[in-house]
Participant: 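Pasting a structure here, questions to come.
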Amino acid sequence: MSDTLQQADARQQDSVYRTDALIAQDIDAYLVQHQNKELLRFITCGSVDDGKSTLIGRLLYDSKMIFEDQLAALEADSKRVGTQGQEIDFALLVDGLAAEREQGITIDVAYRFFATEKRKFIVADTPGHEQYTRNMVTGASTADLAVILIDARKGVLVQTRRHSYLARLIGIKNLVLAVNKMDLVGYDRAVYDEIVADYGRFAKSIGIERFTAIPISGFKGDNITTAPSANTPWYAGPALIAHLESVEIADVAAQDKPFRLPVQWVNRPNLDFRGFSGLIAGGAVKPGDAVRIVPSGKTSIVKRIVTFDGDRDEAVAGQSVTLTLADEVDCSRGDVIAIASDPPEVSDAFEATIVWMNDEAMKPGRSYLLKLGTQTVSATVQEPKYEINVNTMERLAAKTLSLNAIGVAEIHTDRPVVFEPYAQSHTLGGFILIDKISNATVAAGMIHFSLRRAQNVHWQPTTIARAEHAGLKNQTPRILWFTGLSGAGKSTIANEVEKSLNLMNRHTFLLDGDNIRHGLNRDLGFTEADRIENIRRVGEVAKLMADAGLIVLTAFISPFRAERQMVRDLLPEGEFIEIFVDTPLDIAEQRDVKGLYKKARAGDLKNFTGIDSPYEPPERPEIRVNTVDMTPAEAAEYIIRQIMPLK
């Protein structure tokens with residue numbers, strides 16, 4: 001129904017010259033004609049100028065999804081900025097961005113709707129340029145089918161291989177090889193057969209088991225709606241539209257899998273009703289079925305299947321429902337309700353394929369948010385096992401992943417998540433990574449399997465918890481996290497603060513950056529990856545000490561906001577206190593007690609913070625001290641007053 005409303009809205013926006021009565025008639029006619037049809041989502045991809053946008057424009061035109069005012073605008077635009085002389089340039093129906101029209105290429109992912117008598121469609125026109133690979137992945141993430149276009153004059157190109165590999169990686173099983181622009185090679189069958197054979201050899205090498213090849217001309221319309229075209233009497237296969245109308249949709253196949261319902265929210269409209277709402281990711285469910293709540297493992301029986309239109313006797317994959325259970329079990333957002341006899345796996349460590357989608361390269365060891373289905377957890381990505389050259393399928397050694405790179409790496413989460421391998425379930429096997437500071441999506445990933453370590457290691461509960469440890473010491477655990485440039489005075493001030501706390505009979509421990517590198521972190525250098533791992537280890541140690549009831553002081557440069565946030569996230573609200581020792585670079589450099597700045601300026605000390613490695617100052621620290629105006633003793637006294645007011 002959402003597609004219905006979106007299409008109705010689009011018609012209203014595009015038909016500014018129509019009367020309200022005509023718009024109402026259009027909406028009524030659409031509802032009657034299309035509301036019960038299956039929806040197929042597919043993408044068009046391939047190299048630049050293979051004719052993807054032209055093909056979609058032709059599909060819209062031939063399916064009568066263009067109104068008179070749109071057609072008039074298209075004809076005018078074709079004459080003004082088109083590439084087909086005086087004839088209609090169908091690509092202009094899709095290439096809406098000004099930059100795209102100026103360059104004659106597709107940059108963004110353009111989504112368009114059209115329908116035939118048998119099925120309705122949403123098609124994504126994805127970019128052909130290598131630099132926009134992330135856009136192609138976005139468009140393919142929800143697709144049931146991919147149309148790989150090849151220019152008959154050029155044959156199989158690098159981007160043909162790249163997009164085919166990505167389509168297989170994302171799990172699209174239905175592939176159409178559309179050999180386009182056959183009109184420009186005289187509809188030569190030999191050219192077509194050679195391209196299909198060449199692509200077939202490549203497809204087999206990357207694990208594509210089957211594909212449907214169709215010779216077409218998006219511009220002339222050959223084999224788009226009817227086949228065979230008079231120009232290709234030698235072709236005996238289906239027209240493109242006929243194939244799209246008959247191919248199996250992913251939701252249908254998902255119904256044969258075990259039942260899975262990721263819980264999106266707990267529905268409590270009143271005291272007498274408690275249901276669990278979400279989109280069924282796999283299988284089917286009926287009242288009376290035995291189910292298991294994962295990860296807790298609690299079991300119950302489905303009592304009712306509630307929908308907006310009333311109770312159902314059965315619900316299947318692709319439907320949004322609310323389930324009520326016979327027992328009062330603990331179940332919340334992020335949990336998965338599954339068939340009791342075949343539940344999904346639970347783990348906190350995986351091997352996964354990662355497609356990096358951010359301009360800033362991946363930082364191994366950094367904590368990101370991982371969103372998988374309805375679950376959101378903190379996760380760290382380890383150094384890649386290898387990067388994949390999608391042009392040659394070669395496995396390359398890699399320390400990180402840059403924009404559009406694809407690699408395989410281990411991922412560790414801060415708590416167990418419910419999952420299935422991506423090959424079995426896109427919903428429970430596909431995830432995205434989100435930067436904690438910018439909230440930008442930086443990567444998409446597909447889980448292969450859980451690591452054996454995660455299967456064999458379990459959390460062992462203990463009787464004496466952090467509350468008892470803190471009570472014995474008669475204090476609230478805290479981590480006082482001092483951050484600032486080298487030479488800012490962190491260690492000196494932290495030492496003064498600990499002396500004052502010691503006089504107040506407080507139980508403390510000071511973790512100093514230099515001291516830690518003599519033991520725990522002596523294997524780490526000063527690259528960005530090593531700095532991240534340095535702070536991760538220190539954060540975990542500091543958390544253990546806080547769990548023991550101590551007030552922990554740490555004096556580390558800790559240059560990156562993301563890692564400081566990672567440590568903050570390990571603790572209960574209010575127990576992490578960020579103290580910014582705000583000393584300007586020139587002042588810190590003047591002090592230079594250890595001579596480090598001098599070495600860094602001379603090029604003898606690489607990756608030095610403030611010189612050739614960045615420092616990201618806190619944006620909202622709990623405490624800020626300025627050592628230009630304060631002595632270390634004054635700064636320590638100020639900090640003590642802030643964290644523990646003296647009476």
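Given the structure is predicted, the values throughout are model-derived calculations rather than measurements.
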Participant: Do the side chain of Thr307 and the main chain of Val321 share a donor and acceptor less than 3.5 angstrom apart?
Facilitator: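 No, Thr307 side chain to Val321 backbone: no donor-acceptor pair under 3.5 Å.
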
Participant: Would you say the side-chain atoms of Ser425 pair up with the backbone N or O of Tyr422, donor to acceptor, closer than 3.5 Å?
Facilitator: no

Participant: Just by modelled atom types, is the Val316 backbone N or O under 3.5 Å from a matching donor or acceptor in the Gln319 side chain?
Facilitator: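 Indeed, once roles are kept as given, a pair shorter than 3.5 Å links the two residues.
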
Participant: Heavy-atom count around Glu194 CD within 6.0 Å, excluding the residue itself: above 12?
Facilitator: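 At most 12 heavy atoms, drawn from other residues, nucleotides or ligands, come within 6.0 Å of this atom.
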
Participant: Considering non-hydrogen atoms only, spot the tightest contact between Pro384 and Ala409 and give its length.
Facilitator: CA-CB, 3.9 Å

Participant: Without swapping roles, check the side chain of Arg168 against the backbone of Ile206 for a donor-acceptor pair under 3.5 Å.
Facilitator: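 Yes, the answer is positive, given that a donor and an acceptor are paired below the 3.5 Å cut-off.
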
Participant: Filter on ring pair (Phe, Tyr, Trp, His ring centres under 6.0 Å), then keep only pairs touching residues 377-405, sequence neighbours left out; what's left?
Facilitator: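 Residue pairs passing ring pair (Phe, Tyr, Trp, His ring centres under 6.0 Å), neighbours aside: none found.
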
Participant: So, for Phe419 and Phe431, is the gap between ring centers shorter than 6.0 Å?
Facilitator: no

Participant: Heavy-atom distance under 4.5 Å between the side chains of Tyr368 and Leu370, does that happen here?
Facilitator: no

Participant: Which pair of non-hydrogen atoms, one from Ile339 and one from Pro258, has the smallest distance, and what is that distance?
Facilitator: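 So the minimum-distance heavy-atom pair works out to CG2-CB, 4.1 Å.
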
Participant: Please confirm whether the backbone N or O of Lys181 pairs with a side-chain atom of Asp151, one donor and one acceptor, at under 3.5 Å?
Facilitator: no

Participant: Hey, are Ser164 and Tyr199 close enough side-chain-wise for a donor-acceptor pair under 3.5 Å?
Facilitator: yes

Participant: Determine whether more than 12 heavy atoms belonging to other residues, nucleotides or ligands lie under 6.0 Å from atom NZ of Lys399.
Facilitator: no

Participant: Checking Asp144 side chain against Leu40 main chain: does a donor-acceptor pair fall under 3.5 Å?
Facilitator: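 Judged by distance alone, no pair lies under 3.5 Å.
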
Participant: How close do Met182 and Asp188 get, heavy atom to heavy atom, and via which atoms?
Facilitator: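 Reported closest heavy-atom pair: CE-O, 3.7 Å.
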
Participant: When you compare the side chains of Lys436 and Ser378, does any donor N or O come within less than 3.5 Å of an acceptor on the partner?
Facilitator: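 Yes, because at least one side-chain N or O of Lys436 sits under 3.5 Å from a partner of the opposite role on Ser378.
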
Participant: Salt bridge (charged side-chain N to carboxylate O under 4.0 Å, His left out), that's the test. Do Glu38 and Arg119 meet it? Break it down for me.
Facilitator: CA-CA 5 Å; Glu38 286 184 325; Arg119 186 173 272 176; 2.9 Å; yes

Participant: Kindly compute the distance separating OG1 (Thr160) from CD1 (Ile150), expressed to the nearest 0.5 Å.
Facilitator: 5.0 Å

Participant: Give a yes-or-no answer on whether the side chains of Thr232 and Asp222 include a donor-acceptor pair shorter than 3.5 Å.
Facilitator: no

Participant: Are the side chain of Arg395 and the backbone of Ile388 linked by a donor-acceptor contact shorter than 3.5 Å?
Facilitator: no

